[in-house]
Amino acid sequence: TPMRIEYQLGVTLVSSFLVTLTAFLLKLALLPHTTVPISEPVASMEQSTVSLPRTESNTTQMNQITFKKGAMTPEEYQRLYKESIEEPEKFWAKVANDTLSWVKPFTTVFEPGKESVFDGFRWFGDGQLNACYNAVDRPAKQHPDKVALIWEPNDPNKEQPVKVTFKQLHARVQQVAHYLKFKVGVKKGDRVTIYMPQLPETLYAILACARIGAVHNVVFAGFAAESLQSRILDSGSRVLLTVNGFHRGNKFVEMKSVVDKALVGCPSVTDVIVLRRETDNIVNVMKEGRDVWWEDTIAKAPEQCEPVV
């Protein structure tokens with residue numbers, strides 16, 4: 001329904017902001033070691049912990065926080081903490097502007113709910129951004145050769161770990177987005193079901209959906225056909241991304257056959273893109289006009305697709 005679409009799109013954007021915000025906050029804190037009172041000077045800033053004062057405005061704060069060399073001093077942290085309590089809108093406006101790229105800058109920071117502060121409140125309500133751009137494009141421009149993700153295989157004796165830089169992630173995500181948008185015709189607000197195990201391609205697909213404004217409907221790869229079918233029907237998805245099979249531990253999962261069983265009762269699905277993960281001891285049945293191989297389509301798509309708002 002339109003309400004569900006709007007909600008899921010909102011969750012995607014909020015999740016992106018929270019991830020970015022978490023990364024910002026993690027720069028401040030590491031694992032605790034020795035405790036240093038805030039009133040005393042810190043002899044070594046390699047690792048030092050300060051106790052935070054308890055205030056009525058913050059009843060769930062951490063008791064201690066540890067600083068790493070090169071991050072910030074306890075005094076700097078105390079100053080930022082004080083500002084976040086005394087002038088929260090000014091503080092979070094600066095965080096949002098410093099850590100996110102906005103297509104349409106926000107003019108309001110926080111809007112309380114009509115009945116109470118928690119009833120329909122909004123953060124940065126009139127601002128507009130693209131979650132994928134902030135998660136991929138920004139770091140790809142700033143440090144393209146930095147590793148964005150590390151994938152560990154199910155069996156290290158058969159496959160090697162894969163390291164993907166932000167530059168490579170940017171290219172792969174754009175390929176998926178381009179194919180979905182220009183070849184399959186996925187539009188903003190459309191639902192795309194992703195029924196895949198933990199692979200780099202799974203992340204490419206999720207980010208590509210955010211890039212073109214589609215709602216990603218991620219279904220756990222261990223679910224049976226009935227569970228997959230109900231989630232496709234519930235979301236109204238017409239596009240499905242999956243794999244032909246994969247190993248989880250010593251167990252082999254023939255995923256495409258599960259998909260075929262589920263889609264018997266899903267007439268809305270018109271396009272199925274299948275990543276070829278297994279080649280041995282598997283019979284690949286592809287339905288003409290509906291099923292295509294990832295390697296023949298997405299992998300050959302242009303590495304170009306502008307983000308939408």
Side-chain angles (χ1 to χ4, degrees), residues 149-164 168-169 171-186 190-209 214 216-233 235 237-301 303:
L149 67 93
I150 301 174
W151 176 76
E152 293 289 344
N154 179 69
D155 186 348
N157 294 319
K158 294 183 178 180
E159 291 184 278
Q160 296 298 313
V162 175
K163 293 184 178 181
V164 181
Q168 293 169 327
L169 177 63
R172 300 292 83 77
V173 169
Q174 289 196 97
Q175 282 187 306
V176 181
H178 187 281
Y179 184 80
L180 291 178
K181 183 174 182 178
F182 296 105
K183 297 298 182 181
V184 181
V186 175
D190 286 351
R191 280 76 68 205
V192 175
T193 296
I194 302 171
Y195 182 55
M196 303 175 70
Q198 295 175 346
L199 298 168
E201 289 83 358
T202 307
L203 182 60
Y204 304 159
I206 293 172
L207 290 167
C209 288
H216 59 263
N217 175 33
V218 180
V219 179
F220 172 52
F223 280 167
E226 294 78 10
S227 298
L228 172 61
Q229 181 184 91
S230 66
R231 285 156 176 79
I232 293 174
L233 294 173
S235 66
S237 175
R238 70 175 185 85
V239 181
L240 173 66
L241 289 86
T242 189
V243 303
N244 64 336
F246 71 101
H247 282 85
R248 178 181 286 116
N250 295 324
K251 180 182 178 181
F252 175 69
V253 181
E254 194 169 340
M255 209 164 191
K256 181 57 168 60
S257 64
V258 177
V259 168
D260 291 336
K261 291 178 183 177
L263 294 187
V264 171
C266 299
S268 64
V269 176
T270 58
D271 294 88
V272 178
I273 300 109
V274 184
L275 177 67
R276 195 192 306 270
R277 279 289 300 164
E278 298 291 336
T279 56
D280 299 332
N281 303 318
I282 184 171
V283 177
N284 296 303
V285 179
M286 302 288 281
K287 183 176 179 180
E288 187 176 354
R290 186 194 69 182
D291 303 348
V292 295
W293 290 110
W294 183 298
E295 295 77 7
D296 297 335
T297 54
I298 290 176
K300 296 180 180 180
E303 299 173 356

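Keep in mind the model is a prediction, meaning the values are calculated, not measured.
With contacts defined as side-chain heavy-atom distances shorter than 4.5 Å, the pair Val258/Tyr195 qualifies. Looking at Met286 and Trp293, their side chains come closer than 4.5 Å, going by heavy atoms from C-beta outward. By the 4.5 Å heavy-atom criterion applied to side chains, Val192 and His216 are not counted as neighbours. Between Leu169 and Leu207 the shortest side-chain heavy-atom distance falls below 4.5 Å. Contact annotation: the side chain of Val243 approaches that of Pro197 to within less than 4.5 Å [non-hydrogen atoms, C-beta and beyond]. Taking 4.5 Å as the limit, some side-chain heavy atom of Val239 sits within range of a side-chain heavy atom of Leu180. Within the 4.5 Å cutoff, the side chain of Val274 has heavy atoms near those of the Lys256 side chain.
For the atom pair Arg231 CZ and Glu226 CD, the distance stands at 11.0 Å (nearest 0.5 Å). Between the CG atom of Leu228 and the CG atom of Leu263 there is a distance of 6.5 Å, given to the nearest 0.5 Å. In this structure, Ile298 CD1 and Leu241 CG are separated by 5.0 Å, a value rounded to the nearest 0.5 Å. Put simply, CG on Leu275 and OG1 on Thr202 are 8.0 Å apart, with the number rounded to the nearest 0.5 Å. Separation of atoms CZ (Phe252) and CG (Asn154) is listed at 11.5 Å; rounding is to 0.5 Å. A distance of 4.5 Å separates SG in Cys209 from CD1 in Ile194, rounded to the nearest 0.5 Å.
The aromatic rings of Phe220 and Phe223 sit perpendicular to each other, their planes meeting at more than 60°, with 30° as the lower class boundary.
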TODO: Begin with the C-alpha distance, continue with both residues' side-chain angles, and end with the deciding distance and a verdict on side-chain contact (heavy atoms from CB on, under 4.5 Å) for Tyr179 and Asp271.
DONE: CA-CA 12 Å; Tyr179 184 80; Asp271 294 88; 5.7 Å; no

Task: salt bridge (Lys or Arg N to Asp or Glu O under 4.0 Å) between Arg276 and Asp296, worked out - done: CA-CA 10 Å; Arg276 195 192 306 270; Asp296 297 335; 5.1 Å; no

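The nearest pair of heavy atoms linking Ile282 to Glu278 is CG2-O, 3.8 Å. Pairing each heavy atom of Cys266 with each of Gln229, the nearest pair is SG-CG, 3.5 Å. Of all the heavy atoms in Arg238 and Val184, the pair that sits closest is NH2-O, 3.1 Å. For Gln198 against Trp151, the heavy-atom pair with the smallest separation is O-NE1, 2.8 Å. The shortest non-hydrogen separation linking Pro153 to Pro156 is CG-CA, 4.0 Å. For Ala205 against Val176, the heavy-atom pair with the smallest separation is CA-CG1, 4.0 Å.
Between Glu303 and the choices Arg172, His178, Gln174, the side-chain hydrogen bond (donor to acceptor under 3.5 Å, both in side chains) rule is met once, by Arg172.
Without hydrogens or angle criteria, Thr193 side chain to Leu240 main chain gives no donor-acceptor distance under 3.5 Å.
For Arg277 and Glu159, the salt-bridge test passes: some basic side-chain N is under 4.0 Å from an acidic carboxylate O.
With a 6.0 Å radius and a threshold of 12 heavy atoms from other residues, nucleotides or ligands, Asp155 has its CG atom above the threshold.
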